[in-house]
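Written below as structure tokens is the structure these notes are about.
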Amino acid sequence: MTQNHLITSASLLGGAPQDILIAEGVVVALGADAAAHPAAADATVLDATGLVALPGLVDVHTHLREPGREDAETVETGTRAAALGGYTAVHAMANSSPVADTAGVVEQVHSLGQAAGWVDVRPVGAVTIGLAGERLAELGAMAESRAQVRMFSDDGICVHDPVLMRRALEYVKAFDGVIAQHAQEPRLTEGAQMNEGDVSAVLGLAGWPAVAEESIIARDVLLAQHVDSRLHVCHVSTAGSVEIIRWAKQRGIKVTAEVTPHHLLLTDELVRSYDPVYKVNPPLRTQEDVLALRQALAEGVIDVIGTDHAPHPSEHKECEWAQAAMGMTGLETALSVIQHTMVETGLMGWADVARVMSEAPAGIGRLEDQGRPIAVGEPANIVLVDPAARWKVDGAAMATKGRNTPFQGMELPGRVTATFFHGHPTVLDGALNTPRHGAGA
Amino acid sequence: MKHLLSTQDLSRKDALDILDTAEEMAQVGQREVKKLPALRGRTVVNLFFEDSTRTRISFEAAAKRLSADVINFSAKGSSVSKGESLKDTAQTLAAIGADAVVIRHWASGAPQRLANTDWIDARILNAGDGTHEHPTQALLDAFTMRRHWAKLAGTGSAGTDLSGMRVAIAGDVLHSRVARSNVWLLRTLGATVTLVAPPTLLPVGVDAWPCEVSYDLDATLEQGVDAMMMLRVQKERMNASFFPSAREYSRRWGFDDARLEALDRHGLKDTIIMHPGPMNRGLEISSAAADSARSTILDQVSNGVSVRMAALYLLLTGGRDDETSTSHAATEGIPA
Ligand SMILES: [Zn+2]
């Protein structure tokens, strides 16, 4: 028997306050029915007055670093961070060591996630063996494994060979898979350190031009159209990419796109400090790009938020810019950054937040029991957010091992107060509670 | 002025302060005993992550003429090449008691990292970082130009700027920290700057810089130039398709004998020819141009010591915060 929970007066997707009754991992009653339901009798009551209830968040793009770089992050620490950020599922990227390019590795990551019990961990399979861009990994074996991989990506590296990309897109149709592309033309970005533009010209840092992203996206949407397959574009970062994706969607091409919270808020002006905490791939772009990305997310041209949570040990950031690793943490700040950039600017409501941070990501990854509406009979993956809260970001206080948050010291709105993962509170009162398997069993 | 990291953030007052102090330091260079006690007991570390004998000996001479203790720390063949981080190196230098660190680094922004972090509390002098900046080179170039410009005006150079001077800088601007530092500083001092380069060797974003851009060296010369600065072009750029061949480069953008003659043809009798060195004779500059009476190349080298003395002095002594106390502070009480 798991503990039943009665959440009272929660604002569902920002709407009128309602009660939510959770029993046996499922939403069993809503509204006036909830308190009257027999399962409410021994339920723990949680007063959610003033809080917004959203479906548990789903990240399409997380680097959990295990196996191989447990000094940077483990499945345990990364999924604790995820739960605190309001997530109930994350897609673990394949660039671990060994690379997640076999059924064995994806099953290992999947079971580590189950053992941790904080969120669903859905491994992403590598497209090519060892991310080498030469031969297809055993995509079918990963799809059939216990990890049931549906998303494949060489993220960190672009599948730049057009024939290989075409074959991958075609092959995954056999099991309804999707290729998530890290769009970066390699020759145009050799040695690239930051966005190529006015700031790179002054700083003398090698440029990462927008065209290196846009040319790959243009090619890939045409390939996806040609073979009628599903393409997902990771971390879209430029205004030009938005235009290409808009065009592709208008033509009915099966493309989805993701944007990171940091690309919705930060610009390459921050690189003037040469502080590598702002070094990320794709790089921070211009204010014009930031505004185009926000608009695209609001309009649905960009479908989802992906954190690209990329923890690094501090020695990989406490160095020269050119020596530093690329990447930022994001799981524990994502929802606040979205509230700040999209909700408080009036571009989106909470129902839109649920769409881009839960429903659509679950759809892309084909996660059947995630991203569902908060309705009777649905799995109780629910996050409660206090939209009136303000907090100051402190990397040292986070659950992730990574201290590389680019939002350090910023005051952000919105605080996750509780996360329910299949009915079990992994987070209560804004702090970690217990993982799911330990719950009342 | 706590550090000297770039000319972009160098105020006009600080720039003129350095140049005026350098004039005083230059007087010392004329004496038989070329030494001042100003930095006695101070430790200056030359931290070089990239070979540059020219720059290192210039800083070393400058620090020694001010009686500082000098430690040369070359990252090659040291613990640094064995993987020690910049942070550990900086903390080591802090523990040794370095008062100033002169840093040359292949990575853009490395000096700013030292200045912005709590790894070390010393004064930081950028002696060239990646393709970012080389502020003391620009200051010595400006010093050289200012002497020339003041002489033409028939005045002393102390306190003057470069108003009205037309400076052209030709070559590999994209990879040049010298070009960047010069663009900002010369603009601050009132000169107009034209960058001349093949479009492949200009950064995307150059249109936002406070200067003109030209692809045509002959047209630029024809419009009139008071100082022509040639930048070093590395032959390996050719292999990365920045230009088709060394011959084509030098024909279109090199300062060759024909262009040297063109200066006379255009009536530019007072135009000086500059180069930060080391030169590729026959590529970006012909021997006749480099060795002509117009050339200031060796003056630039000797002025480099004066300018670096001024920078070290001002950073380590707090310098001359009071505008009226500008002269003699450095040399006061020292018998000539
Ligand atoms: Zn990526």
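This is a predicted model, so every value here is computed, not measured. Below, chains carry the letters A, B, ... as their sequence lines are ordered, and counting in each starts from 1.
Looking at B/R166 and B/T192, their side chains never bring a donor and an acceptor atom within 3.5 Å of each other.
For A/V199, no part lies near chain B; criterion is any non-hydrogen pair under 4.5 Å.
Here A/G204 is the residue among A/C319, A/A206, A/G204 with the most heavy-atom pairs under 4.5 Å with chain B. Of the listed residues A/A322, A/G197, A/P209, the one with more heavy-atom pairs under 4.5 angstrom with chain B than any other is A/G197.
The shortest heavy-atom contact between B/L283 and B/A246 is CD1-O, 3.6 Å.
A cation-pi arrangement is not found for B/R56 relative to B/F48, the charged atom failing to lie both closer than 6.0 Å to the ring centre and inside a 45° cone about the ring normal.
Looking at B/V44 and B/V102, their side chains come closer than 4.5 Å, going by heavy atoms from C-beta outward. Side chains of B/W253 and B/P198 form a contact here, defined as non-hydrogen atoms less than 4.5 Å apart. Inter-residue side-chain proximity for A/V99 and A/L131 is flagged as met; some heavy-atom pair is nearer than 4.5 Å.
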Would you mind checking chain B against chain A for donor-acceptor pairs under 3.5 Å and listing them?
| from | atom 1 | to | atom 2 | distance (Å) |
| --- | --- | --- | --- | --- |
| B/K87 | NZ | A/E318 | OE1 | 2.5 |
| B/H105 | NE2 | A/E320 | OE2 | 2.7 |
| B/S108 | OG | A/G204 | O | 2.6 |
| B/Q112 | NE2 | A/R272 | O | 2.9 |
| B/R113 | NE | A/C319 | O | 2.9 |
| B/R113 | NH2 | A/K317 | O | 3.2 |
| B/R113 | NH2 | A/C319 | O | 3.4 |
| B/T131 | OG1 | A/G204 | O | 2.5 |
| B/H132 | ND1 | A/Y274 | OH | 3.3 |
| B/H132 | NE2 | A/Y274 | OH | 3.3 |
| B/R180 | NE | A/A201 | O | 2.6 |
| B/R180 | NH2 | A/A201 | O | 3.3 |

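Taken from CG in B/N46 to CD1 in B/I71, the straight-line distance is 9.5 Å, to the nearest 0.5 Å.
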